[in-house]
Amino acid sequence: MILWENKAELAKEIERIYSSPHSDFYKKKFSYTSPSSRIKLTDLPFLSRTELVATAPDDRLYVPKEDVAFVGFTSGTTSNKPLVSYFSSVDRYFFEPSLGMPITRPLITYPPLNKNFSASFIQQCRQAHKKVTPVLADYQNLPNSAVIARETNIDAIYATPTIAGNLGEHIGKYYDPGKIKLLALSSETLTRTKRGQLQQMYPNAAIANLYASSEIGQFILYPCTHMMERNEFSFHFLHEALIALELIDGELVVTYALNKAFPLIRYQTGDFFELASDSCNCGLPGPTLRWSGREQVDKIRIHGFEIRREDMDALFASMSGIAGDDYQIHARIDADNPKKIRIDVELRGADTITHHDSVATMVKNELLSRWILAPGVSIADAIERGIISDVRISFVHAFSLVTGKTRRLVNHCL
Ligand SMILES: [Zn+2]
């Protein structure tokens with residue numbers, strides 16, 4: 001389904017990459033002999049992340065080497081190598097960092113904007129219709145960031161949901177959470193539970209969920225003030241910045257060419273959305289989107305039951321007094337009994353806990369009775385029925401799977 005398409009810009013970009021002396025990456029991929037203004041978006045092949053990782057960034061560079069302004073990358077998982085993206089300067093990004101809110105100084109404790117994308121984000125803040133001053137702070141030293149927040153009188157925060165949550169206590173100690181009017185959050189799924197916790201922490205903040213990726217290099221999905229007021233979990237897309245946007249079997253497919261160093265043509269983001277509405281009362285054009293449960297990331301399905309991140313967030317939040325709520329769940333085939341699934345729960349940040357064994361037993365008992373796998377089936381029932389062999393609790397300093405986005409569910413049974 002095509003959500004947005006700028007046919008004139010698409011034709012121009014196809015012509016540019018065909019006549020480029022710098023790379024033949026797309027020319028080989030498209031296997032057309034000459035560009036044609038009649039080329040249709042849907043005739044072009046998709047571009048996958050795997051192809052990008054497999055092609056050296058210099059072999060898919062569409063500007064002279066000296067025009068590469070900076071480099072972005074994903075952190076990569078333990079088994080995959082990082083995906084490196086080159087970026088050229090962009091005249092205009094079209095993003096409004098204020099999101100229409102009456103703010104002037106956002107505190108930035110959001111790793112990509114503190115690192116690779118800091119210069120381009122500063123540009124976006126300065127060229128916006130409503131200019132703001134980004135206060136780039138230190139996401140690795142949150143107490144210090146809270147002091148910087150006080151000294152500079154910030155009125156908004158850009159962060160991941162996890163960082164915003166951890167920062168809250170320090171903002172409470174050194175500054176005033178009531179002064180925060182906007183929380184702009186990205187990189188992790190913002191569940192209803194987490195959103196509720198953050199709203200309590202920052203009572204006057206409008207909460208915005210934004211979407212970007214380090215291959216695109218900027219935010220392309222964002223909520224309007226109307227959505228924020230209503231606590232709607234939906235997004236507009238930044239059509240000015242996009243050549244095309246599609247939903248293919250639920251996957252967001254992006255055609256973006258503001259970055260002339262490496263334009264993305266029908267790039268499969270691996271992120272899943274669904275249509276929320278055909279239009280929005282705010283008057284911005286186009287349909288609106290919302291997250292759909294991303295297969296294997298926000299929900300995993302094993303042996304006919306489903307584990308949803310949203311449910312687990314709520315469950316761990318409700319027992320956070322026992323051992324915190326920073327968890328990662330691994331579902332794996334039990335080596336001793338291959339017909340059964342074993343669930344390993346890792347809990348992080350429990351350094352202050354002294355009686356690990358008794359706390360683990362408490363957490364396990366809570367999970368056995370309250371974790372519902374299917375209507376009327378608790379984990380304890382599933383163990384009794386021989387579907388699950390055991391639930392094991394361990395306290396860790398770092399999760400066994402570390403990715404760019406905090407991963408809560410890991411399915412090893414695939
Ligand atoms: Zn709207």
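First listed ligand is number 1; within each ligand, the first listed atom is number 1.
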**Message:** Tell me which one of V253, L245, L275, D249 satisfies side chain to side chain contact (heavy atoms under 4.5 Å, CB included) with M1.
**Reply:**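 Considering V253, L245, L275, D249, a side chain to side chain contact (heavy atoms under 4.5 Å, CB included) with M1 is found only for L275.
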
Can you confirm if the NZ or CZ of [X] lies within 45° of the ring axis of [Y] and under 6.0 Å from the centre of its six-membered ring?
| X | Y | result |
| --- | --- | --- |
| R348 | F399 | yes |
| R60 | F262 | yes |
| R195 | F233 | yes |

**Request:** With F219 as reference, evaluate Y93, F94, F235, F95 under the ring pair (Phe, Tyr, Trp, His ring centres under 6.0 Å) test and give the passing residue.
**Result:**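 The passing option is F95.
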
**Item:** salt_bridge(E96, K130) N-O dist < 4.0 Å
**Value:**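 Looking at K130 together with E96, the answer is no, because their closest N to O distance does not fall below 4.0 Å.
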
**Asked** Tell me, which protein N/O/S atoms are under 2.8 Å away from the Zn ion (ligand 1)?
**Response**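 Only C224 SG, H236 NE2, C280 SG, C282 SG fall inside 2.8 Å of the Zn ion (ligand 1).
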
